[in-house]
Amino acid sequence: MIFTATQIAGILNGEIEGDETVEVSKLAKIEEGTKGSLTFLSNPKYTQYIYSTDASITIVDKSFEAESGIKTTLIRVEDAYKAFSQLLEYYNMVKMNKSGIEQPSFISETASYGDNIYFGAFSYLGENVKIGQNAKIYPNVYIGDNVTIGDDVVVFSGAKIYSETVIGKGCVVHSGAIVGADGFGFTPNEKGEYSKVPQTGNVIIEDYVDVGAGTTIDRATLGSTIIRKGVKLDNQIQIAHNVEIGEHTAIAAQTGIAGSTKIGKYCLIGGQVGIAGHLTIGNKVRIQAQSGIGRNIKDGEAIQGSPALGYSDYNKSYVHFKNLPKIVDRVYKLEKKISNNE
């Protein structure tokens, strides 16, 4: 797609300084800008590059004052960073403005969907599926029986939505995500052999949730696994059966949450965190990367380690961890000295 400076200024309500007709077709960092690219300047430490960049258009704050000659056309806005983000959102909206039903695809006779829908080739919609308006279902997506999907939902290629799942409006499910697979439920007999416990519940994803690529959300054994409004899930996360994640919690990649654990609102959970089952994690909890959680966590705690300690306690202890060989050597020397004195 090609945009002129005039078009971009119109989208951002900005002021042009330079060639109004110059065109761009790609995005670039300011230090890597080339002819035909669009960039922005918001961080003062990158100011030097605006005088050398070959980018055709640069978005800057209205307060920016050039100290020497500039080749690039400027678009002045109130906040360059926010304006660039707005432009990215607009670009995505245009790029993803697909509609219609591609063939081959399978749509059950009992399925229903709203206006301005997009179904990509080889997508599958099962019995009694209900999909809202403006939804985009990309190629090779599987949607099982009795699934309900709200307005403005995007499901990218290769995602699998198992039966009875409920997804609210404005959600994004990325490629390879699996929503509603069976929870890890098995029971051993006296010989140590395992029998499967039927997983008869479902998954409920509320509004404006993002589910990253390769993330798995298991259905409940009974009841529902629930992802509350505004939750952001990174790639390759495992969420087990009957877990509940509170509103606007963000979880980084490769985290695993065992069954029936409840996580509160506005939590921040780093990458590769492991959380045991049947725990309660409070609101606004911060868990550092690679921590192992085996106990309940109160509201507002910041923790780190495996097993996890209070964040400040961990940092204080880590000083001693690093010095442990020296400390042990000193203890041995003291013990030897005491023994010799006796």
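Owing to the predicted nature of the structure, the values given are computational and were not obtained by experimental measurement.
In this structure, F184 is not a member of the same hydrophobic cluster as L222, with clusters built from ILVMFWY side-chain heavy atoms closer than 4.5 Å. Under the 4.5 Å side-chain heavy-atom criterion for ILVMFWY residues, no single connected hydrophobic cluster contains both L268 and I293. Taken together through direct or relayed side-chain contacts under 4.5 Å among Ile, Leu, Val, Met, Phe, Trp and Tyr, I117 and I161 form part of one hydrophobic cluster. Under the 4.5 Å side-chain heavy-atom criterion for Ile, Leu, Val, Met, Phe, Trp and Tyr, Y162 and V179 are members of distinct hydrophobic clusters. A continuous path of ILVMFWY side-chain contacts below 4.5 Å connects I57 to I11, so both sit in one hydrophobic cluster.
Side-chain contact between I205 and I217 is present, with at least one heavy-atom pair separated by less than 4.5 Å. Taking the side chain as every heavy atom from C-beta outward, I239 and T225 approach each other to under 4.5 Å. Counting only heavy atoms from C-beta outward, the side chains of V24 and I8 approach each other to under 4.5 Å. A 4.5 Å side-chain heavy-atom check between N315 and Q304 finds at least one atom pair inside the cut-off. Side-chain contact between T148 and I167 is absent, with no heavy-atom pair separated by less than 4.5 Å. Side-chain contact check for V154 versus V173: every heavy-atom pair is 4.5 Å or farther apart. E23 is not listed as a side-chain neighbour of F3, based on a closest heavy-atom distance of 4.5 Å or more. Residues D207 and V209 form no side-chain contact, since every pair of their non-hydrogen atoms from C-beta on lies 4.5 Å or further apart.
Taking every heavy atom of both residues into account, E78 and K62 meet most closely at OE2-NZ, 3.2 Å. When all heavy atoms of G300 and R286 are compared, the closest pair comes out as O-NH2, 4.1 Å. Scanning both residues, N189 and K191, for their nearest heavy atoms gives OD1-N, 2.8 Å. The minimum heavy-atom distance linking V153 with G170 is given by the pair CG2-N, 3.9 Å. Of all heavy-atom pairs spanning G282 and C267, the tightest one is O-SG, 3.0 Å. Closest heavy-atom contact between L12 and A83: CD2-O, 3.3 Å.
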Query raised in the report: Could you walk me through whether I245 and I226 pass the side-chain contact (heavy atoms from CB on, under 4.5 Å) check?
Result: CA-CA 6 Å; I245 299 176; I226 304 175; over 6 Å; no
**Report entry** Evaluation steps, side-chain contact (heavy atoms from CB on, under 4.5 Å), between T58 and I30
**Finding:** CA-CA 8 Å; T58 303; I30 192 167; 4.2 Å; yes
Report task. For N43 and Y81, run side-chain contact (heavy atoms from CB on, under 4.5 Å): C-alpha distance rounded to whole Å, both residues' side-chain angles, the deciding distance at 0.1 Å, then the answer. Result -> CA-CA 9 Å; N43 190 329; Y81 185 80; over 6 Å; no
Query raised in the report: Can D19 and T73 be said to form a side chain to side chain donor-acceptor pair (under 3.5 Å), step by step?
Result: CA-CA 6 Å; D19 184 357; T73 292; 5.5 Å; no
Report task. Show your working on side-chain contact (heavy atoms from CB on, under 4.5 Å) between T215 and D234 and close with a plain yes or no. Result -> CA-CA 7 Å; T215 285; D234 198 359; over 6 Å; no
Report task. Go through D151 and Q133 one step at a time and tell me if the side chain to side chain donor-acceptor pair (under 3.5 Å) criterion holds. Result -> CA-CA 5 Å; D151 297 342; Q133 300 188 63; 4.9 Å; no
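The aromatic rings of Y318 and Y314 lie parallel to each other, their planes meeting at an angle below 30°, with 60° marking the opposite boundary. Taking the six-membered ring where the residue is Trp, Y266 and H248 present parallel rings, their angle staying beneath 30° rather than reaching 60°. Between F106 and Y124, the two ring planes are parallel [angle under 30°; tilted spans 30° to 60°]. Between Y51 and F64, the two ring planes are tilted [angle within 30° to 60°].
Atom CZ of R330 has 12 or fewer neighbouring heavy atoms from other residues, nucleotides or ligands inside a 6.0 Å radius. The number of heavy atoms from other shown groups lying within 6.0 Å of CD (E89) does not exceed 12. Within a 6.0 Å radius of CG in D54, other residues, nucleotides and ligands contribute more than 12 heavy atoms. Crowding of K26 atom NZ: a count of heavy atoms from other residues, nucleotides or ligands under 6.0 Å exceeding 12. The environment of CD in E193 is crowded: more than 12 heavy-atom neighbours from other residues, nucleotides or ligands sit within 6.0 Å. Under a cut-off of 6.0 angstrom, the local environment of OH in Y332 is sparse, with at most 12 non-hydrogen atoms contributed by other residues, nucleotides or ligands. Enclosure of atom NZ in K333 is not indicated, since only 12 or fewer non-hydrogen atoms of other residues, nucleotides or ligands lie within 6.0 angstrom.
Checked by atom type and distance alone, the side chain of N340 pairs as donor or acceptor with a backbone atom of K336 at under 3.5 Å. When atom types are taken as modelled, the side chain of N202 and the backbone of E164 share a donor-acceptor pair closer than 3.5 angstrom. Under a 3.5 Å cut-off, the side chain of E102 and the backbone N or O of A121 do form a donor-acceptor pair. No donor-acceptor pair under 3.5 Å is formed between the side chain of T4 and the backbone N or O of T21. Proximity of a side-chain donor or acceptor of R219 to a complementary backbone N or O of S163 within less than 3.5 Å is detected. N235 places a side-chain N or O within 3.5 Å of a backbone atom of A213 that can act as its donor or acceptor partner. Between the side chain of E17 and the main chain of E15, no donor-acceptor pair closer than 3.5 Å is present. Side chain of N323 to backbone of K326: no donor-acceptor contact under 3.5 angstrom is found. A distance-only check finds no donor-acceptor pair linking the side chain of T280 to the backbone of K262 [under 3.5 Å]. For T261 (side chain) and V243 (main-chain N/O), no donor-acceptor pair under 3.5 Å exists by modelled atom type.
Remark: K160 fails to qualify as a cation-pi partner of Y142 under the 6.0 Å distance and 45° angle criteria applied to the six-membered ring.
Here T255 contributes atom OG1 and L233 contributes atom CG; the two are 9.5 Å apart, rounded to the nearest 0.5 Å. I178 contributes atom CD1, which lies 10.0 Å from atom CD of Q238 (distance to the nearest 0.5 angstrom). A distance of 8.0 Å separates OG1 of T39 from CD1 of I59, quoted to the nearest 0.5 Å. Here the CG atom belonging to N242 is positioned 8.0 Å from the CD atom belonging to Q199, to the nearest 0.5 angstrom. In this structure, the separation between NZ on K29 and OG on S37 is 13.0 Å, given to the nearest 0.5 Å. Rounding to the nearest 0.5 Å places OH of Y208 at 10.0 Å from NZ of K232.
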Acceptor/donor pairs from residues 272-279 side chains to any protein atom, 3.5 angstrom cut, sequence neighbours excluded:
from: Q272; atom 1: OE1; to: Q290; atom 2: NE2; distance (Å): 2.5
from: Q272; atom 1: NE2; to: Q254; atom 2: OE1; distance (Å): 2.6

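Taking a cutoff of 4.0 Å between a charged side-chain nitrogen and a carboxylate oxygen, E206 and K169 do not qualify as a salt bridge. Between D152 and K136 there is no salt bridge, since no side-chain N of the basic residue sits under 4.0 Å from a carboxylate O of the acidic one. A salt bridge is defined here as a Lys NZ or Arg NE, NH1 or NH2 lying under 4.0 Å from an Asp or Glu carboxylate O, and D299 with K284 fails to meet this definition.
Checked against the 6.0 Å centroid threshold, Y113 and F119 count as a close aromatic pair.
A side-chain donor from one of E127 and S108 sits under 3.5 Å from a side-chain acceptor of the other.
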